[in-house]
Amino acid sequence: MMESAVREHEWLKRFVGKWRYDSECPAEPGGPPVKFDGIETVRAIGDLWVVGESKGEMPGGGEATMIMTCGFHIGSGKYVGSWIGSMMTHMWVYSGWLEGDNTLVLEAEGPRFDDPSKKTKYRDITVFKTPDHRAFRSEVLGEDGKWTQLMSMDFHRVK
């Protein structure tokens, strides 16, 4: 089967390139935010997929490698993908949508931080501020039904 790209696939090409990121996570109550940085390289797989590999320092020390895939599934009308990281054994499986022209929302289910035997929903939200700057935030759905931000990142295109 050979599928042709549609406009949603074209939208994903915005990610292609080399990016430098700065990240911030909330600290323990009363403490300063934890900051870390790294490099991400994103390439296209044909006209239908993008794959990104990031390397950077983890909060608390040590380098991590992360790999993200993203494409658009024409049949479901959803963006789909995955995320894995060298710091955990869970593979995140994405399903998402565009909000407006510049925002991609990807949701996944995964283990809760306070009780890994239970699962909850997470969201990764990317907003393209300009072609060379994108903002990212990750959120978790609480038992109260409210989304709480886990981390934020700013990506700036290197080339």
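Between K119 and H90 there is a side-chain heavy-atom pair separated by less than 4.5 Å. Inter-residue side-chain proximity for F128 and W11 is flagged as met; some heavy-atom pair is nearer than 4.5 Å. Side-chain contact between F136 and L104 is absent, with no heavy atoms from C-beta onward closer than 4.5 Å.
Proximity of a side-chain donor or acceptor of S23 to a complementary backbone N or O of S152 within less than 3.5 Å is detected.
Annotation: the span from H133 atom NE2 to D154 atom CG amounts to 3.5 Å, rounded to 0.5 Å. Taken to the nearest 0.5 Å, the OG1 atom of T41 stands 7.5 Å off from the CD atom of E53. To the nearest 0.5 Å, atoms CG (D37) and OH (Y21) are separated by 7.5 Å. Annotation: the span from S138 atom OG to W83 atom CH2 amounts to 9.0 Å, rounded to 0.5 Å. In this structure, the separation between CZ on R157 and CD on E40 is 10.5 Å, given to the nearest 0.5 Å. Interatomic distance, E139 CD to L141 CG, rounded to the nearest 0.5 Å: 9.5 Å.
Considering every non-hydrogen atom in both V50 and L12, the closest pair reads CG1-O, 3.7 Å. Between W19 and P131, the shortest heavy-atom contact is CH2-O, 3.6 Å. In plain terms, the two heavy atoms of H9 and L48 that are nearest each other are CD2-O, 3.3 Å. Of all heavy-atom pairs between P111 and W92, the closest is CD-CH2, 4.0 Å. Smallest separation of non-hydrogen atoms from F36 and C25: CE2-SG, 3.6 Å. Nearest heavy atom pair, residue A64 against residue M87, reads CB-CE, 3.5 Å.
Counting non-hydrogen atoms of other residues, nucleotides and ligands closer than 6.0 Å to CZ of R20 gives a total above 12. The number of heavy-atom neighbours closer than 6.0 Å to NZ of K35, taken from other residues, nucleotides and ligands shown, is 12 or below.
Under the rule for a side chain to side chain donor-acceptor pair (under 3.5 Å), the partners of N102 that lie at least two apart in sequence or sit in another chain are R14. Under the salt bridge (charged side-chain N to carboxylate O under 4.0 Å, His left out) criterion, E63 pairs with no residue at all, not counting sequence neighbours.
Screening residues 92-110 for salt bridge (charged side-chain N to carboxylate O under 4.0 Å, His left out) gives E107-R123 as the qualifying pairs, with residues at least two apart or on separate chains. Listed by first and then second residue, the salt bridge (charged side-chain N to carboxylate O under 4.0 Å, His left out) pairs that reach into residues 142-153 are R112-E143, sequence neighbours excluded. Listed by first and then second residue, the ring-ring contact (aromatic ring centres under 6.0 Å, His included) pairs involving residues 94-120 are F113-Y122 (not counting sequence neighbours).
Both M88 and L106 are assigned to one and the same hydrophobic cluster, defined by single-linkage of ILVMFWY side chains at heavy-atom distances under 4.5 Å. I84 and I45 fall within the same hydrophobic cluster, where Ile, Leu, Val, Met, Phe, Trp and Tyr residues are linked whenever their side-chain heavy atoms come under 4.5 Å apart, directly or through other members. A continuous path of ILVMFWY side-chain contacts below 4.5 Å connects M91 to V80, so both sit in one hydrophobic cluster.
Note on E10 versus K13: salt bridge recorded, some NZ/NE/NH1/NH2 to OD/OE distance being below 4.0 Å.
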Show me the donor-acceptor pairs, under 3.5 Å and distance only, between side chains in residues 65-79 and residues at least two apart or in other chains.
unit_1	atom_1	unit_2	atom_2	d
T69	OG1	S82	N	3.0
T69	OG1	S82	OG	2.8
H73	ND1	G75	N	3.4
H73	ND1	S76	N	2.9
H73	ND1	S76	OG	3.2
S76	OG	H73	O	3.4
S76	OG	K78	N	3.3
Y79	OH	E8	O	3.1

